[in-house]
Asks: 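What follows is a structure written as structure tokens; I'll ask about it next.
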Amino acid sequence: MINNLKKVIEGQPAFRYKQVNEALFKQLVSNWEEASNLPKELIANLNEKFPLEIKAELLHDGDVSKAVIELQDGVCIETVLMRYSHRNSLCLSVQAGCPLGCHFCATGQGGFKRNLTSWEIILQALYFGRLLKKKGERIDNVVFMGMGEPFLNIDNVFDAIKVLNDKDGFEIAARSISISTVGIVEGIKKLADFPLQVNLAVSLHAPDDNLRLQLMPINKKYPIAKIFKALELYIYKTNRKVMIEYIMINELNDHIKMAKELAALILAMEKPLVMVNLIPYNETDKYKASPIDRIEGFRNVLLKSGIDCIMRRSFGKNISGACGQLAGK
Ligand code: SAH
Ligand code: SF4
């Protein structure tokens, strides 16, 4: 349970924890009044400290829905639900904006407001959990690929993951939860020691530091060699496969030569337990997306080198709900 929520219930008999969790995550109530078995004062206290109404605007584009959620201080964040035939996947934000300013990313270009609390991260899942429950469905999968950098808000992200995974919470399998990072080395190390087996994805986007620095200012602090060292340690400790994310920007990072460099980087690892995910770029006014044949060419080089490589489809562009398009406008 979220720490602040625990504090509100402190001193209550033990079964209250169960009742509160049941109301919140199973019944998915949108007002504490609906949790009729709780005592009146507790309901009042909860309604004051953890109001359950969520102010949001919902937009749809095919199987993608985007919620623009207004937080208590008026700050807006965005959450995306992708409905595949066999599962519902939720893309969560961890910060309002992002301080890292990657040049290709709308979130990064929009500036940074603040970190989200663990409650505000959970709130996003509650919002879509309630909508899905009405259809007899649930959240099956969670990716931390919305606004912000998870490892710059790591304690709150870890707290939220515990609630997402908990059997008294959302009961989402750890293997169905993924964190995407620009490669904050301390975060990668902490995740290796985190008790839940969640997946790690690293946004690489370039095979050399010069190019990566052009795209991502954070590469100055965490250059490629440092990231790969941390990944080797992570793989050594966890024996879990890491996903390397690589957005495909036309005639910039999508040259065959670069695919070969990327393959060499990976094959030089002690244990190259990785797969590469080529992400079609969602265009901004700065960069253009690689055409499909360039993506295929790049992919073939990796496959021929024996590296597992997939191409992620991109959804929700019409509502600016795709990767790197969330801006909290
Ligand atoms: N801050 C984290 C997680 C959020 S971004 C990170 O950067 O990894 C999630 C993914 O979307 C990252 O791989 C990011 O590089 C990618 N992305 C950003 N802008 C994009 C764009 N315009 N098109 C496609 N992917 C983009
Ligand atoms: Fe932040 Fe990730 Fe966007 Fe970079 S890509 S600005 S780290 S959200």
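Each ligand, and each atom within it, is numbered from 1 in the order the structure gives.
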Asks: To the nearest 0.1 Å, how far is atom 21 (C) of ligand 1 from its closest protein heavy atom, and which atom is that?
Replies: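 Here the closest protein heavy atom is Cys323 O, 3.3 Å.
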Asks: Please list, in number order, the atoms of ligand 1 under 4.0 Å from a heavy atom of Ile247.
Replies: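 Near Ile247, meaning under 4.0 Å from one of its heavy atoms, ligand 1 has 24 (C), 25 (N), 26 (C).
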Asks: Is the shortest distance from a Lys or Arg side-chain nitrogen in Glu10 or Lys6 to a carboxylate oxygen in the other one below 4.0 Å?
Replies: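 A salt bridge is absent here (no side-chain N lies under 4.0 Å from a carboxylate O).
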Asks: Does any N/O atom on Pro280 come nearer than 3.5 Å to any N/O atom on ligand 1?
Replies: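 N/O-N/O distance under 3.5 Å: no.
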Asks: Nearest to atom 9 (C) of ligand 1, what protein heavy atom do you find, and at what distance?
Replies: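 Checked against all protein heavy atoms, atom 9 (C) of ligand 1 sits closest to Met145 O, 3.6 Å.
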Asks: For the residue pair Ser180 / Glu245, report whether a side-chain donor-acceptor contact shorter than 3.5 Å exists.
Replies: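 A pair is found: one side chain offers a donor N or O, the other an acceptor, under 3.5 Å apart.
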Asks: Tell me, please: is Cys98 in heavy-atom contact with ligand 1, that is, under 4.0 Å?
Replies: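 False for this residue.
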Asks: Identify the closest protein heavy atom to atom 15 (O) of ligand 1: which residue and atom is it, and at what distance?
Replies: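 It is His205 NE2, 2.6 Å.
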Asks: What protein heavy atom sits nearest atom 3 (C) of ligand 1, and how far away is it?
Replies: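 For atom 3 (C) of ligand 1, the nearest protein heavy atom is Ser180 O, 3.4 Å.
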Asks: State, yes or no, whether a side-chain contact exists between Trp119 and Gln72 at a heavy-atom distance under 4.5 Å.
Replies: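 The answer is no, as the side chains (C-beta and beyond) never meet within the 4.5 Å cut-off.
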Asks: Of the protein's non-hydrogen atoms, which lies at the shortest distance from atom 19 (N) of ligand 1, and what is that distance?
Replies: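 That would be Gly324 CA, 3.0 Å.
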Asks: Just to be sure I read this right, does ligand 2 sit under 4.0 Å from the backbone of Cys105, its side chain, both, or neither, counting only heavy atoms?
Replies: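 Contact part for Cys105 vs ligand 2: side chain (C-beta onward).
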Asks: Under a 3.5 Å threshold, yes or no: a donor from one side chain and an acceptor from the other, between Thr181 and Glu149?
Replies: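 Checked: Thr181/Glu149 side chains pair up, N/O donor to acceptor below 3.5 Å.
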Asks: For a 4.5 angstrom cut-off between non-hydrogen side-chain atoms, does Leu92 reach Thr79?
Replies: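 The answer is yes, as the side chains (C-beta and beyond) meet within the 4.5 Å cut-off.
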Asks: Do you know which two heavy atoms are closest between Leu196 and Lys162, and how far apart they sit?
Replies: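 Looking at all heavy atoms of both residues, the shortest contact is CD1-CA, 4.2 Å.
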Asks: To which protein heavy atom is atom 13 (O) of ligand 1 closest, and what is the distance rounded to 0.1 Å?
Replies: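 Going by distance alone, atom 13 (O) of ligand 1 is nearest to Ser203 OG, 2.8 Å.
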Asks: Considering only non-hydrogen protein atoms, determine which one is nearest to atom 4 (Fe) of ligand 2 and report residue, atom name and distance to 0.1 Å.
Replies: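 Scanning the protein heavy atoms, the shortest distance from atom 4 (Fe) of ligand 2 goes to Cys102 SG, 2.3 Å.
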Asks: Give the ring-plane orientation class for Tyr287 versus Tyr281, where under 30° counts as parallel, over 60° as perpendicular and anything between as tilted.
Replies: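 Taking Tyr281 first and then Tyr287, their aromatic rings stand perpendicular (interplane angle over 60°).
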Asks: Within the structure, is a non-hydrogen atom of Met147 found at a distance of less than 4.0 Å from ligand 1?
Replies: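 Judged by the 4.0 Å heavy-atom criterion, Met147 does not count as contacting ligand 1.
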Asks: Indicate yes or no: at least one non-hydrogen side-chain atom of Val20 is less than 4.5 angstrom from one of Trp32.
Replies: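 Heavy-atom side-chain distance check passes, below 4.5 Å.
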Asks: Identify, by atom number and element, the atoms of ligand 1 in contact range of Val182, meaning under 4.0 Å from any of its heavy atoms.
Replies: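 Ligand 1 atoms under the 4.0 Å threshold to Val182: 7 (O), 8 (O).
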Asks: Short question: side chain of Ser290, backbone of Met248 - any donor-acceptor pair under 3.5 Å?
Replies: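 Here the side-chain-to-backbone pair exists.
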Asks: With a 4.0 Å cut-off on heavy atoms, is Gly146 touching ligand 1?
Replies: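 For ligand 1, residue contact (heavy atoms, under 4.0 Å) with Gly146 is present.
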Asks: Looking at atom 1 (Fe) of ligand 2, what's its closest protein heavy atom, distance included?
Replies: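 Scanning the protein heavy atoms, the shortest distance from atom 1 (Fe) of ligand 2 goes to Cys98 SG, 2.3 Å.
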Asks: Using a strict 4.0 Å cut-off to heavy atoms of Gly108, name the atoms of ligand 2 that fall inside it.
Replies: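 Matching atoms, with element in brackets: 6 (S).
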Asks: If the cut-off is 4.0 Å to any non-hydrogen atom of Gly148, which atoms of ligand 1 fall inside it?
Replies: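 The atoms of ligand 1 under 4.0 Å from a heavy atom of Gly148 are 1 (N), 2 (C), 3 (C), 4 (C).
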Asks: Using a 4.5 Å cut-off on heavy atoms from C-beta on, say whether the side chain of Ile77 contacts that of Glu120.
Replies: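 No. Closest side-chain heavy atoms not under 4.5 Å.
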Asks: Just one of Leu90, Asn88, Leu28 clears the side-chain contact (heavy atoms from CB on, under 4.5 Å) bar with Leu132, so which one?
Replies: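 Answer to the side-chain contact (heavy atoms from CB on, under 4.5 Å) test with Leu132 among Leu90, Asn88, Leu28: Asn88.
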Asks: At less than 4.0 angstrom from any non-hydrogen atom of Thr181, what atoms of ligand 1 do you find?
Replies: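 Per the distance check, 8 (O).
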Asks: If you define the side chain from C-beta out and look only at heavy atoms, does anything of Pro272 sit under 4.5 Å from Ile307?
Replies: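 No, too far: nothing below the 4.5 Å cut-off.
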Asks: Find out whether Leu131 and Leu81 are in side-chain contact, i.e. whether some heavy atom of one side chain is under 4.5 Å from a heavy atom of the other.
Replies: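 Not in contact.
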Asks: Of all the non-hydrogen atoms in the protein, which one sits nearest to atom 7 (S) of ligand 2, and at what distance?
Replies: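 Going by distance alone, atom 7 (S) of ligand 2 is nearest to Val182 CG1, 3.3 Å.
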Asks: Under 4.0 Å from a heavy atom of Gly148: give me the atoms of ligand 2 that qualify, with their elements.
Replies: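 Counting from 1, the qualifying ligand atoms are 8 (S).
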Asks: Who's the nearest protein heavy-atom neighbour of atom 23 (N) of ligand 1, and how far?
Replies: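 Of the protein heavy atoms, Asn282 N, 2.9 Å lies nearest.
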Asks: In ligand 1, which numbered atoms sit nearer than 4.0 Å to a non-hydrogen atom of Phe104?
Replies: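 Heavy-atom distances to Phe104 below 4.0 Å select 15 (O), 18 (C), 19 (N), 22 (N).
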